[in-house]
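Working notes for the structure below.
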Amino acid sequence: MSTKAPKTAISPTRAENYNEWYQKIVRASDIAELSGVRGCQILKAWGYGTWEQMQHDLDRRFKDTGHENYYFPMYIPISYFQREADHVEGFAKEMAVVTHHRLTKNADGKLVPDGELEEPLIIRPTSETIIGESMSKWIQSYRDLPLLLNQWANVSRWEMRPRILLRTAEFLWQEGHTAHETKDDAMRETTQMLEVYRAFCEDVLAIPVITGEKIAAERFPGAVNTYCIEAMMQDGRALQAGTSHYLGHSFAKACTIQFQSRTGSLDYVHTTSWGVSTRLLGALVMTHGDDNGMKMPPRIAPYQVVIIPILREDSPKEEIMTACEKLKADLLNETLDGQPVRVKIDSRDIQSSEKRWDWIKKGAPLIVEIGAKDIASGKVCVTRRDKLEDGKRFDERGTFVGNIGLELATIQQALFDTAAAFRASRLVRDIKDWAAFEAYFSKDEDGGFTGGQGFVRAKWCGDETSLTKLDVLGVTVRCIPFDQDGCEGVCVLTGRPATLEVIFARAY
RNA sequence: CGGAGAGUAGCUCAGCCCGGUAGAGCACUGCCUUCGGGAGGCAGGGGCCGGAGGUUCGAAUCCUCUCUCUCCGACCA
């Protein structure tokens, strides 16, 4: 019995059921899977490898801006955590709490917690308080400032409704924490790191983002200002891809981080924090995935070129493998952005067609097949993942190798352009009143995928009580974009005069 | 955390209503034939039916509790 091959590698397709497509593609691309532990995920080699690429790139950007890596404990005494009231308010409902320090067997032979801790520990949801504790000891004078540190770590937030890669009980991230002498210095840091994130997302992940500030209701608990980069997923929903906070004196006061100023006074430092997480993997999937799987932007792909030897019973196996090795070696001498091209030879003992689909689903940017015919002709058979519909092409071997850096850069740009065009097609600017607004977010499918519709950029009066109107639509204010037009207009929610432009959208 | 649905082979599921100790397709293993393409044939391996109790001579099937996942809602730096 022959089963008909599906038209698409991922089923259902995005149009059929976007949510299910998302879960399927995450699995099929071998990026991550759910674990047996409630709300927790396993990052697999292809997903973790992508995260490692992100880490390398971001870490360099952090170092270039003067930061150094530290590592702080995962356990935070409740007494530290509760020092900042807003912080407690924001996070208390999703804490994992450690109350015991050993296990013993009970009468039934079952292991039960024993040895209750005098003071329970929480597992960090973020580290402002425990880092603040150290900063208060390390900082004495203005000469100790600025203190610019970063930590790569796991954090835990007990989410009620987990969603793989986007919202899990444990995830990996980096959190930058800095302390400054003045508000201006801290604000510069906050905006500088947001810009680092923007550049990283757009240039490396090929995800176009909108930079802006969060409204009060969406701020980080304890922050004075929260800034963000917001990306649009293929269902039109917004995803916060990174945040940067100016924390003012909140944690300085909570943790008593003081310094003697140039004039001799004892002042509180101004702190900031900023972070991105493995959620970016989810953003990548929902930005670049299609119905055949993932498309990894070359700058972040663990392997940019995958070589598949085409081996038949009668093939000169050694000769083909040697040719593959030689091609790999030649490609390793080529570069993208000054970095050696990342190449993998897939020598698994399975059918070559299966390997090919495997890498299509994973989203390797370029798949090269080498068989006896190619060696004879001096050519290579190339599949460009972002142009699957073009099929295979046959390049002169030397041409392919010589152009590899250029081609990877071309693919990178093509992915960004596609994502930017998609966002542009769903970024609406001409909605001026509530009737049009409500109609936009209430309309049925218009040929796109389910859910979010898109972004509405419109005038808003700034009165947060007006936002209750949005509840029934499931829409929120994603950010106040930096590039305000400053023009006078009418608030789309209240009809009152307004100069503020905001992005309205459904969000993840 | 509230409402709904679902957990049976690695995956997708049938069997459950009408209890009699497990099946299909795909995947996997071996052999053969194929193969520039998500192959075909034959032969195999693999599950104590999410877990714990209970009812019964007997439970995947009935009852109770519990865990996990999915969807909707609340919540969500």
Side-chain angles (χ1 to χ4, degrees), chain A residues 1-11 17-20 22-24 27-28 33-41 84 86-95 108 110 124-128 155-164 166-169 171 173 175 214 217-223 225-228 240 242-245 247 250 273-277 279 292-293 308-315 320 349-361 367-375 377 379-383 388 391-394 450 471-472 474 476 507-508:
Chain A
M1 254 185 65
S2 73
T3 47
K4 191 113 179 164
K7 286 193 212 80
T8 58
I10 308 297
S11 178
N17 186 333
Y18 189 85
N19 286 333
E20 209 178 324
Y22 174 71
Q23 290 172 61
K24 288 285 175 63
R27 284 297 299 273
E33 65 184 50
L34 289 167
S35 73
V37 186
R38 182 198 164 83
C40 294
Q41 65 194 349
E84 215 292 322
D86 290 337
H87 203 56
V88 172
E89 181 68 23
F91 284 111
K93 281 173 285 187
E94 46 186 46
M95 281 302 92
D108 301 331
K110 283 185 178 167
R124 63 179 163 221
T126 178
S127 303
E128 274 76 6
V155 285
S156 174
R157 296 177 189 182
W158 213 256
E159 299 292 350
M160 287 300 116
R161 200 170 159 188
R163 194 177 173 82
I164 193 162
L166 298 180
R167 201 184 298 112
T168 49
F171 56 94
W173 78 346
E175 47 183 322
K214 287 293 190 190
E218 303 270 339
R219 264 181 218 139
F220 174 77
N225 305 96
T226 287
Y227 302 92
C228 62
Q240 179 175 300
T243 50
S244 181
H245 316 288
L247 302 171
S250 301
S273 68
W274 29 274
V276 296
S277 73
R279 172 178 248 211
N292 284 311
I308 300 177
I310 301 293
L311 298 172
R312 296 171 38 171
E313 195 96 322
D314 57 350
S315 297
I320 291 173
D349 181 23
I350 56 175
Q351 247 185 240
S352 51
S353 56
E354 198 182 325
K355 293 184 199 178
R356 183 178 139 80
W357 278 99
D358 199 41
W359 290 107
I360 287 172
K361 285 184 280 191
I367 300 168
V368 179
E369 296 163 59
I370 296 190
K373 291 180 195 169
D374 309 304
I375 295 174
S377 66
K379 295 191 173 181
V380 288
C381 172
V382 181
T383 302
L388 262 195
K392 298 172 181 181
R393 64 169 208 257
F394 292 86
T450 58
D471 291 349
V472 287
T476 50
Y508 278 102

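Chain identifiers are assigned alphabetically (A, B, ...) following the order of the sequence lines, protein sequences preceding nucleic acid strands; residue numbering begins at 1 within each chain.
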Which nucleotide in B/C76, B/G36, B/G38 has an atom nearest any side-chain atom of A/Trp357: B/G38

B/C31 to B/G7 separation - C1' atoms, rounded to the nearest Å: 37 Å

Integer angstrom distance from the P of B/G5 to that of B/C75: 24 Å

C1' atoms of B/U61 and B/A22, separation to the nearest Å: 12 Å

A/Gln23 side chain, from C-beta outward: closest of B/U70, B/C76, B/C72: B/U70

Sugar-phosphate, base or nothing in reach of A/Gly371, heavy atoms under 4.0 Å: base

Minimum side-chain heavy-atom gap A/Ile370-A/Pro309 below 4.5 Å: no

Shortest side-chain distance from A/Leu34, nucleotide among B/C69, B/G38, B/C76: B/C69

B/G36 base / A/Asp374 side chain donor-acceptor hit below 3.5 Å: yes

Any A/Ser353 side-chain N or O less than 4.0 Å from OP1/OP2 of B/C35: no

Whole angstrom value for the distance that separates P of B/C76 from CG of A/Asp471: 11 Å

From A/Ile310 atom CD1 to A/Gln351 atom CD, the distance as rounded to the nearest 0.5 Å: 10.0 Å

Whole-Å distance separating the CG atom of A/Asn17 from the P atom of B/G5: 19 Å

Short side-chain N/O contact to B/U34 OP1/OP2 from A/Gln351, under 4.0 Å: no

From CG (A/Asn225) to CG (A/Leu247), nearest 0.5 Å: 9.5 Å

Sugar-phosphate, base or nothing in reach of A/His87, heavy atoms under 4.0 Å: nothing

Strand partner of B/A39, provided both Watson-Crick or wobble distances fall under 3.5 Å: B/U33

Rounded distance in Å between the P positions of B/G44 and B/G25: 14 Å

Nucleotide B/U12, atom P - distance to CD1 of A/Ile10 in whole Å: 14 Å

Counter-base of B/A27, judged by Watson-Crick or G-U geometry with both distances under 3.5 Å: none

Of the listed nucleotides B/G36, B/C75, B/G38, the one nearest the side chain of A/Glu369: B/G36

side-chain N/O A/Arg38 vs B/U68 OP1/OP2, d < 4.0 Å: yes

Atom-to-atom span, CG of A/Leu166 to C1' of B/C75 - whole angstrom: 16 Å

Identity of whatever pairs with B/U21 - Watson-Crick or G-U, under 3.5 angstrom: none

Pairing nucleotide - B/G73, Watson-Crick or G-U, each distance under 3.5 Å: B/C1

Nearest-0.5 Å distance that lies between atom CZ in A/Arg279 and atom CH2 in A/Trp173: 11.5 Å

Separation of atom CH2 in A/Trp158 from atom P in B/U68, rounded to whole Å: 8 Å

Check: A/Thr226 and A/Glu218 side chains under 4.5 Å, non-hydrogen atoms: no

Sugar-phosphate only, base, or nothing, as touched by A/Gly242 at under 4.0 Å among non-hydrogen atoms: nothing

P spacing across the pair B/A52 / B/A9, given as an integer number of angstrom: 16 Å

Distance in Å, A/Gln23 CD paired with A/Asn17 CG, rounded so as to fall on 0.5 Å steps: 8.5 Å

Touch class at under 4.0 angstrom, heavy-atom based, for A/Glu20 against every strand present: nothing

Sugar-phosphate only, base, or nothing, as touched by A/Ala372 at under 4.0 Å among non-hydrogen atoms: base

Base paired to B/U68 (Watson-Crick or G-U; both N/O distances under 3.5 angstrom): B/A6

Toward the 5' end of RNA chain B, by each residue's nearest nucleotide, A/Ala223 or A/Glu354: A/Glu354

Pairing nucleotide - B/U56, Watson-Crick or G-U, each distance under 3.5 Å: none

Sugar-phosphate, base or nothing in reach of A/Thr126, heavy atoms under 4.0 Å: nothing

Opposite nucleotide pairing with B/C48, Watson-Crick or G-U, both atom distances under 3.5 Å: none

Nucleotide B/U70, atom P - distance to OH of A/Tyr18 in whole Å: 16 Å

Test log, rule side chain to side chain contact (heavy atoms under 4.5 Å, CB included), inputs A/Trp274 and A/Thr243: CA-CA 6 Å; A/Trp274 29 274; A/Thr243 50; over 6 Å; no

Whichever of A/Lys24 and A/Pro162 has its nearest RNA chain B nucleotide further upstream toward 5': A/Lys24

Distance between C1' atoms of B/U34 and B/C71 (Å, rounded): 45 Å

Sugar-phosphate, base or nothing in reach of A/Trp173, heavy atoms under 4.0 Å: base

Between CD on residue A/Glu159 and CZ on residue A/Arg167, distance to nearest 0.5 Å: 6.0 Å

Sugar-phosphate, base or nothing in reach of A/Lys379, heavy atoms under 4.0 Å: nothing

Minimum-distance nucleotide (side-chain atoms of A/Met160 versus B/G36, B/A74, B/C76): B/A74

Gap in Å between the two C1' atoms, one belonging to B/G54 and one to B/A59, rounded: 11 Å

Any side-chain donor near an acceptor of the partner, A/Arg124 and A/Ser156, under 3.5 Å: no

Sugar-phosphate, base or nothing in reach of A/Arg167, heavy atoms under 4.0 Å: base

Interatomic distance, A/Glu33 CD vs B/C69 P [rounded to whole Å]: 14 Å

Residue A/Arg161, side-chain heavy atoms: nucleotide from B/G73, B/G36, B/C69 that is nearest: B/G73

Rounded distance in Å between the C1' positions of B/G38 and B/A14: 27 Å

Touch class at under 4.0 angstrom, heavy-atom based, for A/Phe171 against every strand present: base

Euclidean distance, atom CD1 of residue A/Ile360 to atom P of B/G36 [Å, nearest integer]: 17 Å

Per A/Lys373 side chain, nearest of listed nucleotides B/G36, B/C28, B/C71: B/G36

